[in-house]
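A quick note: this is a predicted structure, and the numbers were derived from the prediction, not measured. Note on naming: letters A, B, ... go to the chains in the order of the sequence lines (proteins, then strands), and numbering restarts at 1 for each one.
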Number of protein chains: 2
Amino acid sequence: MELPPLIQAFVLHFGEMGSRWGINRTVGQIYALLYAADRPLNAEEITQRLGVSRSNVSMGLRELDTWRLVKLRHLPDDRRDYFTALEDPWAIVRTLAEERRKREVDPTLSVLRDLLMQQPASEEEIHAQERLRALTNTIELLTTWADEVQRLPDERLIQLLKLGSGVVKLLDAKDRLTVVLGGKPRQPRTALPRTALPRASLPHATSKE
Amino acid sequence: MELPPLIQAFVLHFGEMGSRWGINRTVGQIYALLYAADRPLNAEEITQRLGVSRSNVSMGLRELDTWRLVKLRHLPDDRRDYFTALEDPWAIVRTLAEERRKREVDPTLSVLRDLLMQQPASEEEIHAQERLRALTNTIELLTTWADEVQRLPDERLIQLLKLGSGVVKLLDAKDRLTVVLGGKPRQPRTALPRTALPRASLPHATSKE
DNA sequence: CAGTTATTTCAGAAATGTCTGAAATACAAG
DNA sequence: CTTGTATTTCAGACATTTCTGAAATAACTG
């Protein structure tokens with residue numbers, strides 16, 4: 001592997017982390033290389049820099065493509081394929097979130113829903129189904145939320161992230177206002193737990209004020 | 001494997017998903033079995049029900065323990081170890097989030113910070129470092145947010161999730177109020193992008209109103 | 001169409017990960 | 001200390017995944 005030390009360290013690390021992220025070493029290395037690169041690279045260049053076989057690079061690029069993490073481009077007067085990494089970090093985050101959900105969550109949700117439709121045949125299965133139902137509800141709440149957040153434009157998403165847990169203050173403020181100003185009663189669409197009613201100010205929610 | 005069909009389907013699915021989740025088949029199966037079970041199980045029972053070797057179960061339980069997903073308990077007059085799954089779905093979500101972060105994100109963040117400290121030795125490295133900086137900032141924003149959200153009590157977390165992207169309306173409402181009522185000027189702690197100022201009402205942000 | 005270059009496919013080699021059975025360890029009870 | 005039971009360790013068998021080189025395919029060029 002013939003790379004400037006800084007880039008090499010980055011590439012090697014991504015290769016090693018690859019296995020924890022469900023991609024293999026070469027795929028991780030290719031992505032890191034493209035991400036750090038200051039120009040599009042073709043397969044042959046990647047092969048040389050990483051010191052792996054040409055066919056391995058071909059397969060790796062195809063996998064990155066199914067993850068929608070690389071873009072294929074062409075340079076004038078050159079019929080080789082050139083690749084760039086999806087470069088905007090927020091685009092990467094969104095893509096990773098979508099793809100991981102598709103691969104890691106959706107199949108499970110589908111199986112769970114299926115099992116919840118079945119008629120339990122024993123006490124044991126009744127209990128199991130209850131547990132499955134609790135799990136399903138939680139996953140559904142999370143994925144619905146993730147869906148909605150995915151649709152926010154970048155600025156909004158960043159704004160929310162920066163606010164952090166500060167959002168709960170806003171929620172409290174809103175509930176108080178609704179009461180003080182005699183606003184329209186809340187639609188119980190998001191049925192609040194009793195502890196979140198007007199003046200109940202929870203200890204933890206106000207700890208930073 | 002001798003299990004009621006519904007439970008068996010659940011267990012088999014978790015086993016298969018295991019590889020995508022960075023755990024192996026047996027570990028996934030053991031967790032699923034414990035999660036669906038209506039009582040604590042000992043290693044021998046798990047062995048029998050899953051039809052895998054006793055030693056495999058021992059290793060699997062140890063791994064689940066390092067993930068903090070199972071609890072060890074003892075029954076009176078029985079010196080065998082009994083296990084239960086972490087059963088509250090929100091506790092599971094929190095634990096998974098923490099553990100995955102520890103394994104999948106923190107090491108990368110540490111390497112990135114390290115590489116950002118280094119003196120770049122070429123134009124190429126200067127560019128690479130800029131890319132690394134962008135990535136680092138994004139990951140840091142995400143993990144800081146995740147940290148804060150982790151500290152919220154369950155009800156608050158659920159409340160937020162149910163609100164979904166509705167939070168942005170609250171943000172807008174707050175900004176408007178600050179102006180209308182002449183409230184104290186915002187601390188620029190979360191420096192908003194210009195587009196989020198008082199009446200700029202972005203098209204996408206108000207699309208549902 | 002033949003020649004050239006780029007990419008993909010794929011069988012098997014190499015590497016890695018998982019699982020088992022046997023042996024080792026741990027520990028309570030007699 | 002010995003016996004009996006529970007659990008862990010670990011070397012090697014087995015299984016899966018990754019990677020390579022060679023061959024096939026594709027696509028352009030004259």
Side-chain angles (χ1 to χ4, degrees), chain A residues 1 11-34 40-67 70-84 103-104, chain B residues 1 11-34 40-67 70-84 103-104:
Chain A
M1 190 185 290
V11 164
L12 288 178
H13 175 76
F14 259 59
E16 272 156 35
M17 291 306 282
S19 50
R20 300 198 186 180
W21 278 89
I23 57 173
N24 68 38
R25 185 158 41 101
T26 310
V27 172
Q29 289 185 352
I30 294 174
Y31 186 76
L33 182 63
L34 290 175
L41 301 178
N42 63 46
E44 187 53 38
E45 289 171 315
I46 297 171
T47 299
Q48 306 254 291
R49 295 192 193 200
L50 297 183
V52 296
S53 75
R54 179 63 184 75
S55 53
N56 198 2
V57 170
S58 177
M59 293 187 296
L61 286 169
R62 257 169 23 96
E63 172 147 13
L64 285 171
D65 186 55
T66 72
W67 278 86
V70 292
K71 275 183 288 195
L72 173 63
R73 7 168 83 208
H74 282 104
L75 301 189
D77 301 324
D78 189 335
R79 62 193 181 86
R80 287 170 293 182
D81 294 340
Y82 280 78
F83 297 88
T84 53
R103 292 154 205 246
E104 300 179 359
Chain B
M1 192 186 288
V11 163
L12 288 177
H13 175 76
F14 260 58
E16 269 155 36
M17 291 306 283
S19 51
R20 300 198 187 179
W21 280 89
I23 58 175
N24 68 38
R25 186 156 41 102
T26 309
V27 173
Q29 290 185 352
I30 295 174
Y31 187 78
L33 182 64
L34 290 174
L41 301 178
N42 63 45
E44 187 54 36
E45 289 171 314
I46 297 171
T47 299
Q48 306 254 294
R49 296 194 191 199
L50 296 184
V52 297
S53 75
R54 179 65 184 76
S55 52
N56 198 2
V57 169
S58 177
M59 292 188 297
L61 286 169
R62 255 169 24 95
E63 172 145 15
L64 285 171
D65 186 56
T66 71
W67 278 87
V70 292
K71 275 182 289 194
L72 174 62
R73 7 170 80 207
H74 280 105
L75 301 189
D77 300 324
D78 189 337
R79 64 194 182 83
R80 288 172 292 182
D81 294 340
Y82 280 77
F83 297 88
T84 53
R103 293 155 204 245
E104 300 179 358

Ignoring hydrogens, what is the shortest heavy-atom contact between [X] and [Y]? Give both atom names and the distance.
X        : Y        : answer
Gln29(B) : Gly15(B) : CG-CA, 3.7 Å
Gly60(A) : Val27(A) : CA-CG2, 3.8 Å
Val57(B) : Ala43(B) : CG1-O, 3.9 Å
Glu63(B) : Ile23(B) : OE2-CG2, 4.3 Å

_Would you compute the distance between atom CG of Leu41(A) and atom CZ of Arg73(A) and round it to the nearest 0.5 angstrom?_
11.0 Å

*Atom pair NZ (Lys71(B)) and CG (Leu64(B)), whose distance is rounded to the nearest 0.5 Å*: 13.5 Å

*Whole-Å gap separating P (dA26(D)) and CZ (Arg62(A))*: 14 Å

*Name all pairs fulfilling the salt bridge (charged side-chain N to carboxylate O under 4.0 Å, His left out) condition that reach into residues 42-51 of chain A, sequence neighbours left out, sorted by first residue then second.*
Arg39(A)-Glu45(A), Arg49(A)-Glu124(B)

*Residues which pass ring pair (Phe, Tyr, Trp, His ring centres under 6.0 Å) with Phe14(A), listed by chain and number, not counting sequence neighbours*: Phe10(A)

*Keeping to residues at least two apart or across chains, list the side-chain hydrogen bond (donor to acceptor under 3.5 Å, both in side chains) pairs with something in residues 13-26 of chain A.*
His13(A)-Thr108(B), Thr26(A)-Asn56(A)

*Can you pull the contact range of chain B along DNA chain C, 5' to 3', using atoms under 4.0 angstrom from its heavy atoms?*
dT18(C) to dG21(C)

Sub-3.5 Å pairs of nitrogen or oxygen atoms, protein against nucleotides 3-5 of chain D:
{"from": "dG4(D)", "atom 1": "N2", "to": "Arg79(B)", "atom 2": "NH2", "distance (Å)": "3.2"}
{"from": "dT5(D)", "atom 1": "O4'", "to": "Arg79(B)", "atom 2": "NH2", "distance (Å)": "3.4"}
{"from": "dT5(D)", "atom 1": "O2", "to": "Arg79(B)", "atom 2": "NH2", "distance (Å)": "3.0"}

*Within 45 degrees of the axis of the six-membered ring of Trp67(A) and under 6.0 Å from its centre: does Arg103(A) put its NZ or CZ there?*
yes

_Can you list everything that forms a side-chain hydrogen bond (donor to acceptor under 3.5 Å, both in side chains) with Ser58(A)? Sequence neighbours excluded, please._
none

_Residue list, side-chain hydrogen bond (donor to acceptor under 3.5 Å, both in side chains) with Thr47(A), at least two apart or on another chain_ = none

Check each residue of [range] for a non-hydrogen atom within less than 4.0 Å of any atom in DNA chain C, then write out the ones that pass by number, or none.
range                     : value
residues 40-48 of chain A : none
residues 13-32 of chain A : none
residues 49-56 of chain B : Val52(B), Ser53(B), Ser55(B), Asn56(B)

*Arg80(B): what forms a salt bridge (Lys or Arg N to Asp or Glu O under 4.0 Å) with it, not counting sequence neighbours?*
Asp78(B)

*Could you tell me which residues satisfy salt bridge (Lys or Arg N to Asp or Glu O under 4.0 Å) with Arg54(A), sequence neighbours excluded, listed by chain and number?*
none

*Any side-chain heavy atom of Ile46(A) sitting closer than 4.5 Å to one from Leu34(A)?*
yes

*For Val57(B) and for Met59(A), find the nucleotide of DNA chain C with the closest heavy atom, then tell me which residue's nucleotide is more 5'.*
Met59(A)

